[in-house]
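Here is the structure we will look at, set down as structure tokens.
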Amino acid sequence: MAAITTDAGTDAGAGAAQSTLAERRRRRPRVWRGLVLALAGLYFIVPLVASFVFTVHTPGQGVSFEAYTGILGAEGFTDSLLLSLGLAAATIALVLLLAVPALVAVRLGAPRLRPVVEVMCMLPLVVPPIALVTGITTVLRWGPEQLSRTPLYQTFMAVQNESFPLVLVLAYTVLALPFVYRSLDAGLRAIDVPTLVEAARNCGASWLYVILRVILPNLRTSLAGAAFLTLALVLGEFTIAALLGYQPFAVWIVTVSGAQARMSVAVSILSLLLTWALLLLLSRAGNGTRTANAMAAAPSSSKDQ
């Protein structure tokens, strides 16, 4: 009996020691996680606070919000912002119009081509924007010289219209392809596309109806993510627009910084906060969609049981 009692006490002590060790191991990642999050927060917040102080505090004059109150009345602000928003809307429409049918077709009819499509969509991450704009500039110079007596001459002139440069839409579409592809590919992986398409087709639905009423509603979060990433890219892109001689929002911020540095920093802060707010709304919308889907799936699973 004594031996049995001793063994039981030994096992209990060993179990307690193991549980204590496990708790210590669980606590360590929490400590490091909190430290990493704190450092990351300081990394982002400190420059923002410093920039905000720079915009509202003038040495010897005190605090003034003139940099923010004068934004709407600043010369070129409204035109550049509307131009960037228009370019973003056109880019979002074009890139989604190209990517959604292509990815659905590859997933349904040619799964072996998926690596090829992925490589093609990822190429803009490898090619630097300066190289892309150099090629665009070469083509735009070559076209009017060689095609001046053909109808294509008017096409080259139309895509360079300063009021709405379509050449920027084409360039931004290429730059946005990697982000749009990743977002849509993740959404298509989460749903059973062949089954949905087969069921809709068996019910007599056309291909256009299948895409608009069956596939796209299941890709709302992915489409919103792709649109948001494209919007952020267009609003912040500077290199291509500046080298081609256009003045969208990002180029205007750099241009006005020479004469009104505080106002340019204030606009940058507001645009950054707006981008973060859109990202937060997007994440909340995605969480709400997943919650609704889970709640809708729960009654059906209980009925099956």
Side-chain angles (χ1 to χ4, degrees), residues 85-127 155 159 166 169-234 278-305:
L85 293 178
L87 293 174
T91 304
I92 291 170
L94 180 58
V95 72
L96 291 180
L97 186 63
L98 293 175
V100 172
L103 294 182
V104 173
V106 168
R107 185 164 293 274
L108 291 176
R112 295 182 179 180
L113 293 179
R114 183 178 172 276
V116 179
V117 176
E118 181 178 5
V119 170
M120 293 178 61
C121 292
M122 292 297 113
L123 279 179
L125 294 178
V126 181
V127 180
T155 303
V159 298
L166 292 175
V169 175
L170 300 177
Y172 293 159
T173 300
V174 174
L175 294 179
L177 271 178
F179 311 105
V180 173
Y181 173 82
R182 285 303 183 193
S183 181
L184 294 179
D185 184 63
L188 290 173
R189 285 174 177 268
I191 62 176
D192 191 356
V193 178
T195 301
L196 292 175
V197 172
E198 183 178 359
R201 293 289 291 172
N202 289 337
C203 293
S206 63
W207 278 108
L208 182 61
Y209 186 92
V210 170
I211 295 295
L212 296 179
R213 302 299 297 273
V214 178
I215 301 298
L216 293 185
N218 288 280
L219 295 176
R220 289 176 182 174
T221 304
S222 299
L223 292 173
F228 167 76
L229 292 174
T230 305
L231 175 63
L233 184 146
V234 174
L278 291 175
L279 181 59
L280 181 61
L281 291 176
L282 177 62
S283 62
R284 291 180 64 88
N287 293 333
T289 302
R290 286 191 291 268
T291 303
N293 293 336
M295 294 177 63
S300 61
S301 61
S302 61
K303 292 179 180 179
D304 295 338
Q305 292 178 357

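Being a predicted model, the structure only gives us computed values, none of them experimental.
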Passing option when Val95 is tested against Leu229, Leu175, Val180 for side-chain contact (heavy atoms from CB on, under 4.5 Å)
Val180
Among pairs that include at least one residue of residues 193-219, which meet side chain to side chain donor-acceptor pair (under 3.5 Å), considering only residues two or more places apart or in two chains?
Asp192-Thr195
As an exercise, state the distance from CG of Leu177 to CG of Leu123, rounded to the nearest 0.5 Å.
9.5 Å
How far does CG of Leu184 sit from CD1 of Ile215, to the nearest 0.5 angstrom?
12.0 Å
Would you give the length of the straight line joining atom CG of Leu233 to atom CD1 of Ile92, rounded to the nearest 0.5 angstrom?
10.5 Å
Shortest non-hydrogen pair, Thr230 vs Ala176, comes out as OG1-CB, 3.9 Å
Nearest heavy-atom contact between Val106 and Leu113 is CG1-C, 4.2 Å
Might you point out which heavy atoms bring Ser183 and Gly225 nearest each other, and give the distance in Å?
OG-C, 4.0 Å
Quick check for you: to the nearest 0.5 Å, what is the distance between Thr91 atom OG1 and Leu231 atom CG?
10.0 Å
Value for OH (Tyr181) from CG (Leu98), rounded to nearest 0.5 Å, stands at 15.0 Å
Closest non-hydrogen contact found for Gly187 with Leu219 is C-CD2, 3.5 Å
Between Arg114 and Asp185, what is the shortest heavy-atom contact and its length?
NH2-OD2, 2.9 Å
Quick one: OG on Ser222 to CD1 on Ile191, what's the gap to the nearest 0.5 Å?
8.0 Å
When you look at CE of Met122, are more than 12 heavy atoms from neighbouring residues, nucleotides or ligands closer to it than 6.0 Å?
yes
Do you know the tightest heavy-atom contact between Ala205 and Val210?
CB-CG2, 4.0 Å
